[in-house]
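Numbers restart at 1 for each chain; the letters A, B, ... are given by sequence-line order, proteins then strands.
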There are 2 protein chains.
Amino acid sequence: MTDPYVAYREALSLRGLRVTPQRLMILHVIDEGNGHLTAEQIGDRIRAKFPAIHQGTIYRTLELLREAGLVSETHLGDRSAVYELMGNHPHHHLVCDRCGSITEVGDTLLDPLRAALLTEFGFRARTEHFAIFGLCAQCAQQRNSASGIE
Amino acid sequence: MTDPYVAYREALSLRGLRVTPQRLMILHVIDEGNGHLTAEQIGDRIRAKFPAIHQGTIYRTLELLREAGLVSETHLGDRSAVYELMGNHPHHHLVCDRCGSITEVGDTLLDPLRAALLTEFGFRARTEHFAIFGLCAQCAQQRNSASGIE
DNA sequence: TTTTATGCAAAAGCTTTGCACGCCC
DNA sequence: GGGCGTGCAAAGCTTTTGCATAAAA
């Protein structure tokens, strides 16, 4: 098992970005979070071990990594954005309005939509990480039974 | 041409909500905006005519209308949400990452996705107003020609 | 050595909240 | 008249920004 930080070092250097411990840690935590962590959560996780790291640095670094194409940013509704390493397997999130549960789904699901947008509107959808809101199976069932098939 | 406010009065009363001039104006402006206005923009438009109406009232009223099911809330990336009257013809927004342009598209485009989510995951997607990010036709073309088919 | 990133703190935006007055029912 | 909504202002929260120091190249 090689040091995963080696890959992060290389990714930063290749883009002419400086390699700092803060950036390496942030990349590591983003990867661990698998696209589920907000900027604040990323900061909290890092500060649990290294309290000196300031939240301002997190925000600046996330913007940098996003512009460099290393990290994607997805807005999960009323909550803040969540971050994810690009190049990880593409997936999407079904967010339940009621219970807040998040379900991961594969990327092929969006193929028909992408194709339609491109042919009909020439629009190249950036769908490496999509958030879809609604009711999960459990909550939909509960709502039906609670009100006697409303 | 009947007074559109009559419909708003009725909609509020039917749900046991009080009818106030502020709420009527907010509903009217939301309808005019056709799902493109943020809370602040709604406030600005109203204050252009009636400066006394406070932004706090806008926020409180939008939350009320959303909970009452009269208005839908869509998060268009960066930050603020945009608001739209429910029951208006469903449509969605293609938001260009580069130029910020917003293209309206019909609702049937999402039918295959909705069906797949329901059969595969039992997830009832709430897709009355969807935001899809990417590159519009113009910007995609510009990018290709600029870098010689990158 | 030069350039750039970080820590720190203050500021900036957006949204929420408490209170007293006024309007809707 | 009773209760709810609004105006007002202050507080809260997330994110951004300026500056001096520290670290990377």
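Residue B:Arg66 places its CZ atom among more than 12 non-hydrogen atoms of other residues, nucleotides or ligands, all under 6.0 Å distant.
Considering only heavy atoms from C-beta on, B:Cys136 stays 4.5 Å or farther from B:Leu94 through its side chain. Within the 4.5 Å cutoff, the side chain of B:Thr61 has no heavy atoms near those of the B:Ile58 side chain. Between B:Leu12 and B:Thr20, the closest side-chain pair of non-hydrogen atoms is not below 4.5 Å. Annotation: side chain of B:Tyr5 is in contact with side chain of B:Met25 (closest heavy-atom distance under 4.5 Å). Counting heavy atoms from C-beta outward, A:Phe121 and B:Leu109 have side chains that approach closer than 4.5 Å. Residues A:Tyr8 and A:Asp31 have side chains in contact (heavy-atom distance under 4.5 Å, counting atoms from C-beta outward).
Here A:Arg60 lies in heavy-atom contact (under 4.0 Å) with a base.
Atoms CG and CZ, from B:Leu62 and B:Arg23 in turn, are 11.5 Å apart once rounded to the nearest 0.5 Å. Considering CD of A:Glu67 and CD of A:Glu73, their distance stands at 10.5 Å, rounded to 0.5 Å.
For the segment residues 36-54 of chain B, the set of residues with a heavy atom within less than 4.0 Å of an atom of DNA chain C comprises B:Glu40, in numerical order. Residues from residues 8-17 of chain A that place a heavy atom under 4.0 Å from any atom of DNA chain C: there are none.
Nucleotide C:dT3 holds its P atom 19 Å from the CG atom of A:Leu64, rounded to whole Å. In this structure, the CG atom of B:Leu62 is 11 Å from the P atom of D:dT6, given to the nearest Å. D:dT17 atom C1' lies 17 Å from atom CD1 of A:Ile58, rounded to whole Å. As a whole-Å value, the separation of A:Glu67 CD from C:dA5 P is 12 Å. Remark: P of C:dA5 and CD1 of A:Ile26 are 13 Å apart, rounded to the nearest angstrom. The separation between B:Arg23 atom CZ and D:dG5 atom C1' is 6 Å, rounded to whole Å. Atoms CD (B:Gln55) and C1' (D:dC8) sit 13 Å apart, rounded to a whole Å. Atom pair A:Tyr59:OH and C:dG13:C1' shows a separation of 13 Å (rounding to whole Å applied).
Residue pairs meeting the side-chain hydrogen bond (donor to acceptor under 3.5 Å, both in side chains) criterion with at least one partner in residues 34-46 of chain B, sequence neighbours excluded, are B:Asn34-B:Glu104, B:His36-B:His93, B:His36-B:Glu104, B:Thr38-B:Gln41, B:Asp44-B:Arg47. Pairs of residues two or more places apart, or lying in two chains, that qualify as side-chain hydrogen bond (donor to acceptor under 3.5 Å, both in side chains) and include a residue from residues 106-119 of chain B are B:His92-B:Asp107, B:Asp107-B:Arg114, B:Asp111-B:Arg114, B:Arg114-B:Thr127.
Among all heavy-atom pairs drawn from B:Ala68 and B:Leu17, the shortest one is CB-CD1, 3.9 Å. Of all non-hydrogen atoms in B:Gln55 and B:Gly43, the two that sit nearest each other are OE1-CA, 3.5 Å. Among all heavy-atom pairs drawn from A:Phe123 and B:Ile132, the shortest one is CZ-O, 3.8 Å.
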Can you pull every protein N or O that's under 3.5 Å from an N or O on nucleotides 20-24 of chain D?
from	atom 1	to	atom 2	distance (Å)
D:dA24	N3	A:Arg18	NH1	3.2

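When each of A:Thr61 and B:Gln22 is assigned the nucleotide of DNA chain C with its nearest heavy atom, A:Thr61 is the one assigned upstream, toward the 5' end.
Axis orientation changes by 40° from one end of the helix from C:dT1-D:dA25 to C:dC25-D:dG1 to the other, with each end axis drawn from 5 pairs and the value rounded to 10°.
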